[in-house]
Amino acid sequence: MNGLYGKNFLKLLDFSKEEIEEFLRIAALLKQYKKKGVPHALAQGKNIALIFEKTSTRTRCAFEVAAADLGMHAVYLDPKSSQIGKKESLPDTAKVLGRMFDAIEYRGFGQEIVEDIARYSGVPTYNGLTNEFHPTQILADFMTIKEKFGSLEDISLCYYGDARYNMGNSLMVGAAKMGMRFTACCPEKYRPDPALVSVCEELAKKSGGEIRFETDPEKGSVGANAVYTDVWVSMGEPQEVWKERIDDLSPYRVTKSVMQNAAKGAVFMHCLPSFHDLGTEIGREIYEKFGLPEMEVSDEVFMSDASVVFDEAENRLHTIKAVIAATLSDGV
Ligand code: CP
Ligand code: NVA
């Protein structure tokens, strides 16, 4: 039986470097199977509940397609069409779902919610994004880095923007686990929680990684193999924070000059969705209000050859499938 069988996937802090490598190995194998048309119904007949309290394109589609490819049935629950939280408490809901499903995915707010679902349901539970962490995204990002550079070791990754939220936190944890150099390039108040930084510094000492902070946007990406950014305002945050974020984070937009300062062959990464042009409703609203035609990344960088954002998006499927397969089937 593989060591990941029956486990939850709630945050990368719960896994060793070797276990994360194992998820990535399985993802690469399943990607090959998918490309070659090799059937891989490794969880035939099992059922997964997908709870989304926030919207999604990639994560929902990746879970649904992964489930179908693995021979499973997926049930999608949005916050409006279920009783969750309104007529039924979370522990009761989790207990009910645990009686019917072999696994549960949750996207929503506090990390404690997904941890509680795991506790009360008793079945493997997967974090599809919380305010604090987005661990399935990191697997896809690391798979993409491995595809581009061959390995994660010696990779230097610089994150620009709000490093206090799910993406900054999770990339820092992932880098610390895997022995990478992680830099958060942001104003001081946008650095991750000091307690999490301390944990990551300890992990980095053991793995040979490094955690750094830089406030100068011209210096952050120097020597970086991967330059990463995310939206300045995350799902669930109030609209009122836009002005402050624009004021504080505009100097940290990933531009051509940021990429030119990076190492030769550096890639641009983003979890998506991204505000890089006026092709979205929110993008147009911000433009009308604040006159910004692009936000966290310039359209030029987003569309450049260095951009691997759609590889990351595709790899969401293969890595999420690996998480389900590894935890529900001992045959991978
Ligand atoms: N990157 C990501 O999680 O995308 P979705 O919000 O579309 O799922
Ligand atoms: N920080 C973003 C990530 C989206 C994938 C959010 O939480 O909205």
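Everything numeric in this text was worked out from a predicted model, so none of it was measured. Start at 1 and go down the list; that is how both ligands and their atoms are numbered.
For ligand 1, the atoms sitting less than 4.0 Å from at least one non-hydrogen atom of H134 are 2 (C), 3 (O), numbered in the order shown with element in parentheses. Ligand-side atoms of ligand 1 in range of T57: 5 (P), 7 (O), 8 (O), range being under 4.0 angstrom from any heavy atom.
Residue N166 has at least one N or O atom closer than 3.5 Å to an N or O atom of ligand 2. Among the atoms of R107, none of the N or O lies under 3.5 angstrom from an N or O of ligand 2. Annotation: M235 places no N or O atom under 3.5 Å from an N or O atom of ligand 1; distance criterion only.
In this structure, D162 has no heavy atom closer than 4.0 Å to ligand 2.
Geometric assessment of R60 against the ring of Y76 yields a positive cation-pi assignment under the 6.0 Å and 45° thresholds. F109 carries K54 over the face of its six-membered ring, with the cationic atom under 6.0 Å from the centre and within 45° of the normal.
Within the 4.0 Å heavy-atom criterion, neither part of L129 lies near ligand 1.
N169 and K11 share no donor-acceptor pair across their side chains, judged by distance under 3.5 Å alone. In this model, no donor atom of one side chain and acceptor atom of the other lie less than 3.5 Å apart for N47 and H73.
Of all protein heavy atoms, the one closest to atom 2 (C) of ligand 1 is R316 NH1, 3.2 Å. For atom 8 (O) of ligand 2, the closest non-hydrogen atom of the protein is M235 N, 2.8 Å. Closest to atom 6 (O) of ligand 1 among all protein heavy atoms lies R107 NH1, 2.9 Å. Given atom 4 (O) of ligand 1, the protein heavy atom at minimum distance is R58 NE, 2.8 Å.
Test T229, V227, V301 against H270 for side-chain contact (heavy atoms from CB on, under 4.5 Å) and you get one pass: T229.
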- When you look at E281 and R284, which way does the salt bridge (charged side-chain N to carboxylate O under 4.0 Å, His left out) test go after all the steps? CA-CA 5 Å; E281 244 172 63; R284 287 189 292 274; 5.5 Å; no

